Participant: 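Starting off with a structure, shown below.
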Amino acid sequence: MTSSNVLVTGGAGYIGSHMILALRDAGRPVVVLDDLSTGLAAAVPAGVPLVRGCVGDADLVTSIARTYRVGAIVHFAGSIVVPDSVADPMAYYLNNTVRSRELISAAVAVGVRNFVFSSTAAVYGEASAEPLGEDTPLAPVSPYGASKLMTERMLADAGLAYGLRYAALRYFNVAGADPLGRAGQSGGRATHLIKLAAQAAVGLRAGLDCFGDDYPTRDGTCVRDYIHVSDLVQAHMLALGHLEGGGPNLVANCGYGFGASVREVIGAMKRASGVDFPVRPAPRRAGDPAALVADATRLRETLGWVARHDDLDGIVASALAWERRLAETRRPAFTAAMGHA
Ligand SMILES: NC(=O)c1ccc[n+]([C@@H]2O[C@H](COP(=O)([O-])OP(=O)(O)OC[C@H]3O[C@@H](n4cnc5c(N)ncnc54)[C@H](O)[C@@H]3O)[C@@H](O)[C@H]2O)c1
Ligand SMILES: O=c1ccn([C@@H]2O[C@H](COP(=O)(O)OP(=O)(O)O[C@H]3O[C@H](CO)[C@H](O)[C@H](O)[C@H]3O)[C@@H](O)[C@H]2O)c(=O)[nH]1
């Protein structure tokens, strides 16, 4: 096992904070770079160095790489809200593409050999095939997807030109929380279905909108391949080991190969919580494909990845448990702020 540090960018965010736990559980030293734009310092476990700054700051990245003897970068930092990317594409190309370019350049210049990147199913766009293999034509329909695809392309070119070794993992819908309750999705503005449903279940919001019920799917609502964050993080651990062990560069989907509809997710959350929160029918959300389901054969066959949490009820229950924990920790602060302490 290598003892060089792993630099986790975006480690104060949802997925990055779970990755830190997995690296620490495996005995790997970690350093985090995060600008805390959506992440929380409290999400970084005590004892893990957190450098507050931007991945586009090449001098800072170089200095971290030297100080901590970084041998690999796992790059989660980025902007993630698809409709925001439509409203302000330049902000997304800056934060996701331009700043990734600076990070990759600095990594190459300072001699970091291995790089794992958070890509997305959004690179496929309005895909018609199901499940989607990695060879599906890449035709992102949002600036978010395009900004990530450009970073994949930079990695491929940097691999050819400079020998950078990389894995680009295309996540489908990431959900759930650490089964031991050490981490979850905490960041400020929630947009993801399972997080919003959990908030409705704990009474943080009055209910939920169901965006569209006339899609060509089994119940008319959109189908997504929800992957538990712990299974996703395990794919990163395997990808890292694969690169460090000399395996070839890799692009791989991360999902289970089957999907759940919006109605099925809502039903699972109501069952798990026992709360019959209101669900309002709402118009389709712009840019939502009817169904996105991964063909994850490559992930299984190349990395030996095995899904361990591929059960919607379990995913939803872990998200709910985390939301309840957040509600408990918020309550005293809220009471104090209202002058009732
Ligand atoms: N959540 C999903 O379903 C999903 C799906 C596909 C891909 N992804 C990708 O996974 C990655 C992590 O997503 P997440 O859900 O944990 O989001 P998140 O917002 O919780 O985490 C992103 C983190 O990056 C930090 N950050 C943003 N820009 C930065 C910058 N320029 N420099 C330094 N830090 C910066 C934020 O403060 C935050 O801590 C993202 O790249 C996202 O595009 C997520
Ligand atoms: O209040 C809500 C929120 C969501 N939805 C629906 O639930 C489904 C899932 O929506 P999410 O917002 O949870 O996730 P997306 O599928 O839009 O997108 C996620 O997965 C994509 C890849 O599949 C990208 O990676 C993106 O970053 C990530 O947010 C969609 O049909 C959406 O319309 C609702 O009906 N009501």
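Numbering of ligands and ligand atoms starts at 1, following listing order. Since this is a predicted model, take the numbers as computed values, not measurements.
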Participant: Considering only heavy atoms of Ser37, which atoms of ligand 1 have at least one such atom less than 4.0 Å away?
Facilitator: 26 (N), 27 (C), 28 (N), 36 (C), 37 (O)
Participant: Tell me the protein heavy atom at minimum distance from atom 21 (C) of ligand 2, and give that distance in Å.
Facilitator: Thr120 OG1, 4.1 Å
Participant: Atom 33 (C) of ligand 1: which of Val98, Asn173, Asp35 has the nearest heavy atom?
Facilitator: Asp35
Participant: For atom 3 (O) of ligand 1, what is the nearest protein heavy atom, given as residue, atom name and distance?
Facilitator: Val174 N, 3.3 Å
Participant: Which bit of His192 is near ligand 2, meaning a heavy atom under 4.0 Å away: side chain, backbone, both or neither?
Facilitator: both
Participant: Atom 41 (O) of ligand 1: which of Arg189, Lys148, Arg170 has the nearest heavy atom?
Facilitator: Lys148
Participant: Looking only at protein heavy atoms, which one is nearest to atom 10 (O) of ligand 1, and what is the separation?
Facilitator: Tyr171 CE1, 3.3 Å
Participant: Looking only at protein heavy atoms, which one is nearest to atom 36 (C) of ligand 1, and how far off is it?
Facilitator: Thr38 OG1, 3.2 Å
Participant: Pair Asn5, Arg69 - check side-chain hydrogen bond (donor to acceptor under 3.5 Å, both in side chains), show working.
Facilitator: CA-CA 6 Å; Asn5 264 277; Arg69 292 192 312 109; over 6 Å; no
Participant: Which residue holds the protein heavy atom closest to atom 5 (C) of ligand 1, what is that atom called, and what is the gap in Å?
Facilitator: Phe172 O, 3.6 Å
Participant: Closer than 4.0 angstrom: is that true for some heavy atom of Gly56 and an atom of ligand 1?
Facilitator: no
Participant: Looking at non-hydrogen atoms alone, which of Ile227, Asp288, Leu193 comes nearest to atom 4 (C) of ligand 2?
Facilitator: Leu193
Participant: Side chain, backbone, both or neither: which part of Tyr215 comes within less than 4.0 Å of ligand 2 when only heavy atoms are counted?
Facilitator: neither
Participant: Does ligand 2 have any atom sitting under 4.0 Å from a heavy atom of Tyr124?
Facilitator: no
Participant: Between His236 and Tyr171, does the ring centre distance come in under 6.0 Å?
Facilitator: yes
Participant: Provide the number and element of each atom of ligand 1 under 4.0 Å from a heavy atom of Gly53.
Facilitator: 32 (N), 33 (C)
Participant: Do any nitrogen or oxygen atoms of Thr120 lie less than 3.5 angstrom from nitrogen or oxygen atoms of ligand 1?
Facilitator: no
Participant: Which option, Gln185, Arg224, Met19, His192, owns the non-hydrogen atom nearest atom 1 (N) of ligand 1?
Facilitator: His192
Participant: Which option wins on minimum heavy-atom distance to atom 19 (C) of ligand 2: Asn173, Val123, Thr191, Val223?
Facilitator: Asn173
Participant: Closest non-hydrogen protein atom to atom 28 (N) of ligand 1, residue and atom name please, with distance?
Facilitator: Asn95 ND2, 3.0 Å
Participant: Just going by heavy-atom distances, which of Val123, Val81, Ile15 is nearest to atom 14 (P) of ligand 1?
Facilitator: Ile15
Participant: Run the numbers for me: atoms of ligand 1, each under 4.0 Å from some heavy atom of Ile80, listed by number.
Facilitator: 13 (O), 15 (O), 17 (O), 40 (C), 42 (C), 43 (O)
Participant: Could you tell me which atoms of ligand 1, counted from 1 in the order shown, lie closer than 4.0 angstrom to a heavy atom of Ser119?
Facilitator: 6 (C), 7 (C)
Participant: By number and element, which atoms of ligand 2 are closer than 4.0 Å to a non-hydrogen atom of Leu292?
Facilitator: 23 (O)
